[in-house]
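Input: a single structure, listed below in structure tokens.
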Amino acid sequence: MTALEQPRPITGGQALVECLRREGVKHVFNVPGESYLGALDAFYDAKDIRLITNRQEGGACFMAEAYAKATRGVGVCFVTRGPGATNASIGVHCADQDSTPLVLFVGQVPRANRGREAFQEVDYERFFGSMAKWVVEIGSAGQVAEVVPRAFHMARSGRPGPVVVSLPEDMLVEMTEPVFRAPYPRTVPHPDPAQIAELARRIVAARKPVLLVGGGVQYSRARAELVRCAEQFALPVITSWRRMDAFPNSHPHYAGNLGGAKSSAQDLVRSADLVVAVGDRLSEMTTMDYRLFPAGQPLAQVDIDARVIGRNFSPALAVVSDARLALQALLEHAPKSTDSARKPWIAAEHKKYLDNSSPLDRPSRHASADRVVKDLVALLPKDAIYTVDAGNFSAWIHRFIRYDAEDSFFGPTVGSMGYGIPSAIGAKLAHPNRVVIGTCGDGGFMMTLQELATAVQHQINVIQLVFNNGTYGTIRMHQERDYPGRTVGTDLKNPDFAALARAFGAEGLTVNKSEEFAPALKQALACGKPAVIDIHTDPEQISVGATLSDLRAGKGHKRRSA
């Protein structure tokens, strides 16, 4: 037994940090605050935990959320009371809708001051209650060793999500003699054998069944089983909104991604006589405003959380199970031969995806986003990681890059602006030996620009691409389509982003013409420090499929959020 396992007096803050160590936490993201000085002091002696100091709480929480996605573990963030907590709430909302395991520790006013409108006091249970899986306050130092392991268990159990733990300032310096618990064992639901047998029967009997997969497959590390199921049962595979890397895109059974503009993947789902959704909550973006599935279309849904099943669509067959265990069980019923009559159909759907995902090369008076993605594909390693902010620019990253490596794409399904820089830093900390490319528009870049200082301070060498068209492009697109010629509030006057990057101590590069991007990317890859490439694009090409002139002429696509 270690010394800490022998009850001896330590502070609540020391007990908290020891709990993190026992949970295997390697990185903690934070903006320091006086309300949790007792925990900060305990980190001084925790040399095996890297404390990342951020410049704003929203960036810190985004970074922890992206780190959790990239490791498929639990992200950990510390912020101070009141304003710190409210700033961090954007990351909690993101973790909620993205089903990301996250534990946010928030400083709180001293216990004797609660309920008196004390300095920076916020009722966290009320504030975070609709976003977090669990909101709890640690009432005494003696409860730390009980509450913290449970918080981690709650964050990663069932459908993963965020947990918020409130830390009264005086509790962190209170003395206790804790008896530490081992981390909770991971428990996952196993599928009902009869339901799996019925699912296999329906798949075999269908003429055009489609497999739709989401983040639940990624968190259960079920990619190998997923590929085998697609092959053994002769199924085309479609990934849900911003989960493109859940299935290797170059695999002959891949048929595309849902969400965004009209695509062959949407047509494929509509024409299917059975949709098997595994590990996906069938969100608004994935299902095109909940209108994707035709009335009466057979749906089978497999999810780890019974509360997700049937929330948006009523399934004909429901299986509550961990995705990997369900796919493993399904393989036991797989046909002996993979020689299926569906193969020509699957090949045709894969070709549609390939044709739709081949980068374009349209002429542009500025730098072309088409050319940027072509050069990215040509110059970067196959396991490069891309993170995206919200905005129209992201459609080029979604559509024209093929994600074959596992954990190679991270974007907020909640559509949060400001995600690009922090998420790239979080992903790079999780995968230090892989190239990480953060992408954002000029609007999103300015929302968390300060985290570039975090990258420089901690020597986290990410490359940030800024698609700079001088406008809040998604909103401009909606304005031009719905109120032609009446744009207001969406034009932006930006600073020199490359010069700003250099002021932070990063590499700063500017691209005005398409042919300038490849040399700039090579320079960024070789510079040995964080880099920003400011790419001046033409606002006229407002999206992949439409120009501003198209929209004014009534030729634009239907409204989709970023």
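Positions are given from 1 along the sequence.
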Is a side-chain N or O of [X] found less than 3.5 angstrom from the main chain of [Y], in a donor-acceptor match?
X    : Y    : result
D289 : R291 : no
N249 : D404 : no
R156 : R72  : no
E23  : P183 : no
D273 : R207 : yes
Q301 : G310 : yes

Can you find a pair of side-chain heavy atoms, one from [X] and one from [Y], that are under 4.5 Å apart?
X    : Y    : value
T287 : F313 : yes
D389 : F445 : no
R243 : T413 : yes
S416 : H93  : no
Q232 : S340 : no
S283 : Q97  : no
F393 : V372 : no
H431 : V436 : no

Hey, could you give me the [atom1]/[atom2] distance between [X] and [Y], rounded to the nearest 0.5 Å?
X    : Y    : atom1 : atom2 : answer
C77  : M63  : SG    : CE    : 9.5 Å
S368 : L360 : OG    : CG    : 8.5 Å
L317 : I196 : CG    : CD1   : 8.0 Å
S220 : E225 : OG    : CD    : 7.5 Å
L376 : I401 : CG    : CD1   : 5.0 Å
S264 : H350 : OG    : NE2   : 11.0 Å

Quick one about [Y] and [X] (side-chain donor to acceptor, distance below 3.5 Å, no hydrogens or angles considered), yes or no?
X    : Y    : answer
R481 : H478 : yes
D245 : Q218 : yes
N257 : T239 : yes
S543 : N392 : no
R159 : S99  : yes
E451 : N54  : yes
N312 : R281 : no

Legend entry - side-chain contact (heavy atoms from CB on, under 4.5 Å) evaluation trace for F127 with V106: CA-CA 12 Å; F127 183 76; V106 185; over 6 Å; no
Inset, instruction - Report the C-alpha separation of Q266 and L258 in whole Å, then their side-chain angles, then the decisive distance to 0.1 Å, and conclude whether the side-chain contact (heavy atoms from CB on, under 4.5 Å) test is met. - result: CA-CA 6 Å; Q266 295 165 17; L258 293 173; 3.8 Å; yes
Inset, instruction - For the pair R221 and D407, find out whether any cationic side-chain nitrogen is under 4.0 Å from an anionic carboxylate oxygen. - result: yes
Legend entry - Short N-O contact, D322 and R186, less than 4.0 angstrom: yes
Inset, instruction - Check F410, F409, Y254, F247 against Y403 for a ring pair (Phe, Tyr, Trp, His ring centres under 6.0 Å) and give me the one that passes. - result: F409
Inset, instruction - Go through T454 and F29 one step at a time and tell me if the side-chain contact (heavy atoms from CB on, under 4.5 Å) criterion holds. - result: CA-CA 10 Å; T454 302; F29 304 89; over 6 Å; no
Do you know which of [options] makes side chain to side chain contact (heavy atoms under 4.5 Å, CB included) with [X]?
X    : options                : answer
L235 : I203, I346, L226       : I203
C440 : V466, V388, T448, L465 : V466
F152 : V165, V163, V25        : V25

Inset, instruction - Mind running salt bridge (Lys or Arg N to Asp or Glu O under 4.0 Å) on E349 and K208 for me, showing each step along the way? - result: CA-CA 11 Å; E349 294 299 332; K208 291 186 174 182; over 6 Å; no
Could you pull out the closest heavy-atom pair between [X] and [Y], with the gap in Å?
X    : Y    : value
H333 : A197 : CE1-CB, 3.7 Å
L199 : A300 : CD1-CB, 3.7 Å
A255 : I238 : CB-CG1, 4.1 Å
R202 : A316 : NH1-CB, 3.5 Å
Y124 : A85  : CE2-CB, 3.6 Å
A455 : I425 : CB-CD1, 3.7 Å

Legend entry - Residues, nucleotides or ligands: over 12 heavy atoms within 6.0 Å of R50 CZ: yes
Inset, instruction - For atom CZ of R342, decide whether the heavy atoms of other residues, nucleotides or ligands shown that lie under 6.0 angstrom number more than 12. - result: yes
Inset, instruction - With sequence neighbours excluded, give me every side-chain hydrogen bond (donor to acceptor under 3.5 Å, both in side chains) pair touching residues 418-429. - result: E65-Y419, K69-Y419, T387-S423
Inset, instruction - Sorted by first residue and then second, give each ring-ring contact (aromatic ring centres under 6.0 Å, His included) pair with at least one member in residues 188-235; sequence neighbours left out. - result: none
Legend entry - Pair listing, ring-ring contact (aromatic ring centres under 6.0 Å, His included) test, anchored in residues 255-281, at least two apart: none
Inset, instruction - Before giving the answer on side-chain contact (heavy atoms from CB on, under 4.5 Å), spell out for K352 and D355 the whole-Å C-alpha distance, their side-chain angles and the decisive distance to 0.1 Å. - result: CA-CA 5 Å; K352 290 177 186 177; D355 292 343; 5.7 Å; no
